[in-house]
Amino acid sequence: MIAQIIAWKDKNLTDRQMTYVLAFIIGILAAVAGYVLHSLIRLIQRLLTEDFLTNTANWLYLVFPVIGIYLTSLFIKYVVRDNISHGITRVLYAISTKNSQIKRHNTWSSVLASAITIGFGGSVGAEAPIVLTGAAIGSNLGQIFRMNKRTVMLLVGCGAAAAISGIFKAPIAGLVFTLEVLMIDMTMASLVPILIASITADIFSYIFTGTASLFTFHLDSAWDVNRIPATILLGVFCGVVSLYFMRTMTFCEDRFARMKEHPYQKLFMGGLLLSSLIFLFPSLYGEGYNSLAIFINGQTEADWSQVMNGSLFYGHSELLVVYLALVMLTKIIATSSTNGAGGCGGTFAPSLFVGGFAGFLFARVWNIEKFGNYLPEKNFTLLGMAGVMAGVMHAPLTGIFLIAEITGGYALFVPLIIVSVVSVMVISIFEPHSIYAMRLAREGKLLTHHTDRSVLTLMSMDSVIEKEMTTVPPNMPMGKLINVLTSSTDSLIPVVDESGRLLGLIDITKIRHIVFRTELYHRFKANQLMTPVPAILYDNEPMEEVMEAFDKTNAEALPVVDINNHLKGYISKTRMYKVYRELVADYSAE
């Protein structure tokens, strides 16, 4: 069946037309995946928490999150049998190092795993799993229909954009998310397919769930220029909170990574920490969008105090600011504990959650202390959501358009721009990459908007290394060495010991003056004729560093070794530049 469709496609459609068709299909499937995920989350949460009391603490908060994480870990271990965490980071990794190939199980596994985790109270977001799901749909459709590498990369971007658009009913946010976070180059050839996927997902989300936005927002107090100082200060505050978010998340994940060989220890430590925090602060349960809705729709302190329902703080409205600050600070720990213990979810929703709490807290303290003109708390809740998300993701346009679209709050466009831009400026001083790209950037595996760097990232060591080579032992007499040289086409002959460790190189051009002096054939050995290696390349070295090594040494070829200095092959400058030029031509093609 697939073969027949491919044959019909090859005969009747151009590659660009087929890309448009696949983008449309991706938009539909991503919208379906988002609808299924959120339906499952709401179903599980309703079954578990609909009888919870609002005027007292609920002890089951200590149990449900641990059960959810345990069930998720069992599902991943025995059903999926693969790592599916850090959805957006995995998409970036696939684009940078796997030719945009994402495993087929990612088209459904993240949906089920994150539904279990979040439904039972895991303090993570559903957006990253859906982005991975949408990207996996795009990747696998591209592979099935035998599209070229660049088109498959574009279809991955279509899937990610459709996922964001479908979840939030925000097509423009989906588009700019793909540009800023996944760093897909926005050419005319890529713009149309991403827009097709994004708007298709948006339309089908309306069909599935109606016209209601994620948050209902009514602007009561229009923004004016007198609030510019406060808006700039909020941007700075959001940048600082973003830095705290990223540093705390990294610290916690590193601690859980050290327990990799002890899964039950991870479950116990992470589950205990998560359930304790949720018991103290029920706002941390699940994605937390209900708490944000209270701030966006509330008018009075009595309305806002509903955020403390079901907690030990219930009835103590005078402690609202303290509660908000504690929730904002502990949300990152709860998110890290959820994923670290074995759950599945992303940091997209947590960044919105922390940002909303930060914005409301900023405005509330400002108004209580009367630092200046009154600041509408609901407006600053939205501004904070945009600011922290923009800072954590290094994506100001995504923050601006997402908040504007999900709330219909286009009247706040100017302050959204100010807060998002200032936040990114502040965080960029300390962290040059987003929370998703940070790990890949450290490994030199991050694709960027710079064509030359992107091409070097896409180049693999396997594509340039030449493993067929002639080697000689260090004690080989010169007479035998000459026989080896005459039968070899290489100008450099590696000298290796018995275990294969590289000792040096014999450059034929440097011993040419003694090659025909037969009286010297028994006087010299290979180790006396070899020269030190100008530079050593390691088999896991990023290609950008390989290129720098050639530039510094001006060598024609350099050896490649493993961590134990065992020779694996060599890279010639001629072959490396040939592969580089081919990739540049392919990457730059419209």
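For this chain, numbers begin at 1 and follow the sequence in order. Quick caveat: nothing in here was measured; it's all calculated off a predicted structure.
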Side-chain donor/acceptor of [X] to backbone N/O of [Y], under 3.5 Å:
{"X": "Y78", "Y": "S73", "answer": "no"}
{"X": "T250", "Y": "M246", "answer": "yes"}
{"X": "S351", "Y": "F348", "answer": "yes"}
{"X": "H433", "Y": "S428", "answer": "no"}
{"X": "S205", "Y": "A201", "answer": "yes"}
{"X": "T200", "Y": "G27", "answer": "no"}
{"X": "T347", "Y": "P350", "answer": "no"}

Open item on the list: Pair V421, M425 - check side chain to side chain contact (heavy atoms under 4.5 Å, CB included), show working.
Closed with: CA-CA 6 Å; V421 170; M425 289 172 62; 3.8 Å; yes
Flag if over 12 foreign heavy atoms under 6.0 Å of [atom1], [X]:
{"X": "Y206", "atom1": "OH", "value": "yes"}
{"X": "Y70", "atom1": "OH", "value": "no"}
{"X": "Y538", "atom1": "OH", "value": "no"}

Classify the side-chain pair [X]/[Y] by whether it contains a donor and acceptor separated by less than 3.5 Å.
{"X": "T19", "Y": "T151", "result": "no"}
{"X": "Q101", "Y": "S139", "result": "no"}
{"X": "K169", "Y": "T209", "result": "yes"}

Open item on the list: Can you confirm if the aromatic rings of F177 and F168 lie within a centre distance of less than 6.0 Å?
Closed with: no
Task: S123/T338 under side chain to side chain donor-acceptor pair (under 3.5 Å): CA gap, chis, key distance, verdict - done: CA-CA 6 Å; S123 195; T338 302; 5.4 Å; no
TODO: Please report the shortest heavy-atom distance between V426 and F430, naming the atom on each side.
DONE: O-CD1, 3.4 Å
Open item on the list: Could you tell me if the side chain of W108 sits less than 4.5 Å from the side chain of T133, heavy atoms only?
Closed with: no
Task: Side chains of K331 and F357 in contact at under 4.5 Å (non-hydrogen atoms) - done: no
TODO: Anything under 30° is parallel, anything over 60° is perpendicular, the rest tilted; go ahead and classify F208 against F204.
DONE: tilted
